[in-house]
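For reference, the structure discussed in these notes is given below.
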Amino acid sequence: MWRSGFFCCREDVSLMIDIKLIRQDPERFKQAARNKRMVCDIDGLCAVDDRRRSLQVEFDELRHKQNEISGQIALYKNPKSKWYQQALAGGRTADELQAEGQKLVEQVAAMKARAKDLEGELREVNERFEALLLTVPQPPADEVPLGEDDTQNVEQRRVGEVPQFAFEPRDHVALMTELGMLDVERGVKLAGTRNYVLRGDGVALHRAVLQLAVDLMVERGYTQLGVPVLVRDAMMVGTGYFPGGEEQAYRCERDGLSLVGTAEVPLTAYHCDEILGEDELPKKYFALSTCFRREAGAAGKDTYGLYRIHLFEKVEQVVICRNDEQTSIAHHAEILGNAEEVLRRLELPYRVVNVCTGDLGQGQVQKFDIETWMPSRGGYGETHSASRFYEYQARRLKLRFRDRDRNLHYCHTLNNTVIASPRVLIALVENHQNADGTIRIPAALRPYLGGREVIGGS
RNA sequence: GGAGAGGUGGCUGAGUGGCUGAAAGCGACGGUUUGCUAAACCGUUGAUCGGUUAAUAAACUGAUCCGGGGGUUCGAAUCCCCCCCUCUCCGCCA
């Protein structure tokens with residue numbers, strides 16, 4: 001389904017996981033598949049790999065002979081060649097040379113049939129090989145807890161105080177609707193379920209938290225990009241969303257483009273098909289973008305309010321760095337810290353969760369989710385997700401760098417939410433609500449709202 | 001939407017059937033020169049997948065690759081077909 005044309009450059013079987021690593025330690029990948037609860041036939045893959053390589057050797061040898069003879073034919077058939085001239089000078093006639101050349105041509109003709117067979121077989125085997133390789137998951141880091149699903153994620157730490165209300169707290173829909181900030185009903189009328197309309201201070205608050213996040217990232221030295229949100233399929237494939245995630249994306253079939261569910265896609269793919277210099281790494285980017293999600297398969301889940309919606313805006317951060325685990329880990333901590341700083345400034349209680357093996361994506365090595373306290377849920381709800389991939393995405397994107405010894409390597413990539421709104425508004429308005437239905441604006445946010453300290457009231 | 005042009009190595013850019021994996025230039029790396037820098041000169045310098053020895057450093061060797069796929073041919077960057085992408089001009093709309 002994903003023809004090579006979707007990639008910027010030539011397709012080859014080295015994409016995905018490096019087969020050499022699998023050959024070297026198949027157990028490790030079998031274990032990874034078990035832990036990530038994915039189906040993956042490593043033994044079958046290795047068998048196909050063996051077959052593929054022996055075929056390749058046979059084919060190469062045959063072609064070698066063929067090429068050799070072709071080279072000789074070139075001498076007999078090319079009157080311009082030095083060899084031909086010397087042969088003539090040595091007393092051979094042009095007819096003789098032609099006849100001898102013709103003999104060689106017949107010799108090669110016999111080899112061609114065999115080569116064609118081999119080629120067909122090789123292609124078939126390579127296809128099977130690639131299909132199997134596509135299913136191999138990236139092994140999770142050692143620090144990732146074993147588990148089957150999100151209920152087994154391990155809490156790392158809690159930050160901030162969960163508010164105790166002296167009154168009956170209201171949920172964000174009630175609060176925001178009351179204050180004229182939100183109109184769910186008409187959003188649904190316009191665009192169907194999981195849609196909404198922000199109004200007045202609702203829009204202002206939404207914009208304010210995004211801008212706060214943008215300013216923080218600028219402060220932290222990240223480069224801001226304004227990126228396309230409708231991207232080529234190649235970018236969806238390259239970042240690992242396709243194949244597999246087609247149902248989650250709004251695809252424009254006739255254009256071969258998809259609306260992104262996150263700016264991670266254009267940010268990570270920004271340098272695809274490039275070779276970066278080691279000294280320009282790490283690249284630290286962020287972008288504010290609209291995000292589109294079909295939420296297929298989530299029917300009936302989180303249908304209430306602003307939690308799970310088709311369209312939202314998000315500030316996303318991406319780091320592209322050297323191919324080095326320690327470097328990757330350090331950046332992972334950094335981008336996690338950036339997101340935590342946002343929540344600290346918004347005075348929101350949250351916890352950091354180490355996502356367990358069963359809840360990791362195929363390409364992810366480790367993922368930390370940040371969950372922010374949402375009173376109406378009586379619990380923490382996911383607001384951020386920080387992943388590191390090692391070279392998984394970079395391989396697919398042909399995103400490489402040249403080290404100081406001039407060797408090529410795939411980069412490492414990581415990403416994390418900085419803020420996603422309006423989901424974060426759930427936490428914001430619910431945690432900071434007052435008894436009278438007004439909402440206290442945390443100090444750090446006030447500059448973005450004309451200095452106001454409260455929303456609502458007179 | 002209409003009409004053209006074009007896609008070649010890290011980059012620029014030659015190359016229209018056979019010693020072309022690819023001229024030249026730039027860049028990079030190594031060396032000579034040099035008080036340092038610069039300049040000059042000489043040399044080296046593509047990728048991917050394999051094989052052999054060595055055990056992932058290195059050496060040798062093979063196949064494949066000039067946007068992608070297919071075809072013609074003993075032989076294709078070069079000829080033919082399909083597709084993708086980029087650019088320019090015109091029209092249209094922001």
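So that the names make sense, note that chain A is the first sequence line, chain B the second, and so on, each numbered from 1.
- Other residues, nucleotides and ligands contribute at most 12 non-hydrogen atoms within 6.0 Å of the CZ atom of A/Arg199.
- Contact annotation: A/Arg53 side-chain N/O to B/U52 OP1/OP2 distance is not under 4.0 Å.
- Among the heavy atoms of the strands lying under 4.0 Å from A/Leu408 are primed sugar atoms or P, OP1, OP2 only; no base atom is included.
- B/U73 atom C1' lies 12 Å from atom CD of A/Gln66, rounded to whole Å.
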Dump the pairs, protein N or O against N or O of nucleotides 57-63 of chain B, anything under 3.5 Å, distances to one decimal.
residue, atom, partner, partner atom, Å
B/G62, O3', A/His64, ND1, 3.0
B/G62, N2, A/Asp60, OD2, 3.3
B/A63, OP1, A/His64, ND1, 3.2
B/A63, OP1, A/Asn67, ND2, 3.3
B/A63, O2', A/Asp60, OD1, 3.0

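- Rounded to an integer number of Å, the gap from A/Leu55 CG to B/G51 P is 13 Å.
- Residues in residues 40-50 of chain A take part in these salt bridge (Lys or Arg N to Asp or Glu O under 4.0 Å) pairs, two or more places apart or across chains: A/Arg23-A/Asp49, A/Lys30-A/Asp43, A/Asp49-A/Arg52, A/Asp49-A/Arg53, A/Asp50-A/Arg53.
- For the pair A/Lys20 and A/Ala109, nearest-nucleotide mapping onto RNA chain B gives the more 5' position to A/Lys20.
- Between A/Arg293 and A/Glu295, none of the side-chain N atoms (NZ, or NE/NH1/NH2) sits under 4.0 Å from a carboxylate O, so this pair counts as no salt bridge.
- The side-chain hydrogen bond (donor to acceptor under 3.5 Å, both in side chains) search around A/Glu334 returns A/Tyr222, A/Lys284, not counting sequence neighbours.
- For the salt bridge (charged side-chain N to carboxylate O under 4.0 Å, His left out) with A/Arg114, the lone residue among A/Glu119, A/Glu58, A/Glu61 that qualifies is A/Glu58.
- The listed nucleotides are B/U48, B/C74, B/G10; the one nearest the side chain of A/Ile275 is B/G10.
- Residues satisfying the side-chain contact (heavy atoms from CB on, under 4.5 Å) test with A/Gln156, not counting sequence neighbours, are A/Val352, A/Asn354, A/Phe368.
- The same atom, P, is picked in B/G43 and in B/A23; the two are 15 Å apart, to the nearest Å.
- With sequence neighbours excluded, the residues satisfying side-chain contact (heavy atoms from CB on, under 4.5 Å) with A/Glu148 are A/Arg37, A/Gln152.
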> Taking only Watson-Crick and G-U wobble pairs with both distances under 3.5 Å, what dot-bracket line describes RNA chain B, where [ ] shows pairs that cross earlier ones and | shows pairs with another strand?
Replying inline: ((((((((.[[[..)..(.....]]]((((((.......))))))((((((((....)))))))).[[[[[..)....]]]]])))))))....
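- If you find the closest nucleotide of RNA chain B to A/Glu106 and to A/Gln24, the one lying nearer the 5' end belongs to A/Gln24.
- Using a 4.0 Å cut-off between charged side-chain N and carboxylate O, A/Arg51 and A/Glu121 make a salt bridge.
- Nucleotides B/G91 and B/G2 have their P atoms positioned 16 Å apart, rounded to a whole Å.
- Here the P atom of nucleotide B/G27 and the CG atom of A/Asp279 are 17 Å apart, to the nearest Å.
- Residue A/Lys112 has a polar side-chain atom (N or O) positioned under 4.0 Å from OP1 or OP2 of B/G75.
- A/Tyr76 has its OH atom 16 Å from the C1' atom of B/G75, to the nearest Å.
- A gap of 14 Å separates the C1' atoms of B/G9 and B/A28, to the nearest Å.
- Using a 4.0 Å heavy-atom distance criterion, A/Arg51 is classed as making no nucleic acid contact.
- Comparing B/U86, B/G10, B/G50 by their closest approach to the side chain of A/Arg232 singles out B/U86.
- When the P atom is used for both B/U64 and B/G69, the distance is 14 Å, rounded to whole Å.
- Close to B/G30, at under 4.0 Å from its OP1 or OP2, lies no side-chain N or O of A/Arg406.
- Computed from coordinates, the A/Arg400 CZ to B/G9 C1' distance equals 12 Å when rounded to whole Å.
- Taking 4.0 angstrom as the limit, A/Arg23 places a side-chain polar atom (N or O) nearer than this to OP1 or OP2 of B/G50.
- Rounded to the nearest Å, the gap between the P atom of B/A77 and that of B/G21 is 8 Å.
- Qualifying salt bridge (Lys or Arg N to Asp or Glu O under 4.0 Å) partners for A/Glu219, counting only residues two or more places apart in sequence or in other chains: A/Arg345.
- For A/Arg123, there are no side-chain hydrogen bond (donor to acceptor under 3.5 Å, both in side chains) partners at least two apart in sequence or on another chain.
- Taking atom NE2 on A/His271 and atom P on B/G10, their separation rounds to 18 Å, with Å as the unit.
- A distance of about 16 Å separates the P atoms of B/A14 and B/C79, rounded to the whole Å.
- Spacing between B/A24 and B/G46 at atom P, rounded to whole Å, works out to 13 Å.
- Distance A/Leu276 CG to B/G27 P: 21 Å, rounded to the nearest Å.
- Rounded to an integer number of Å, the gap from A/Leu75 CG to B/G75 P is 16 Å.
- Partners of A/Asp302 by side-chain hydrogen bond (donor to acceptor under 3.5 Å, both in side chains), not counting sequence neighbours, listed by chain and number: A/Arg308, A/Arg377.
- Rounded to a whole angstrom, the distance from the P atom of B/G25 to that of B/A40 is 13 Å.
- Listed nucleotides: B/G50, B/U86, B/C74. Nearest to the side chain of A/Val105: B/C74.
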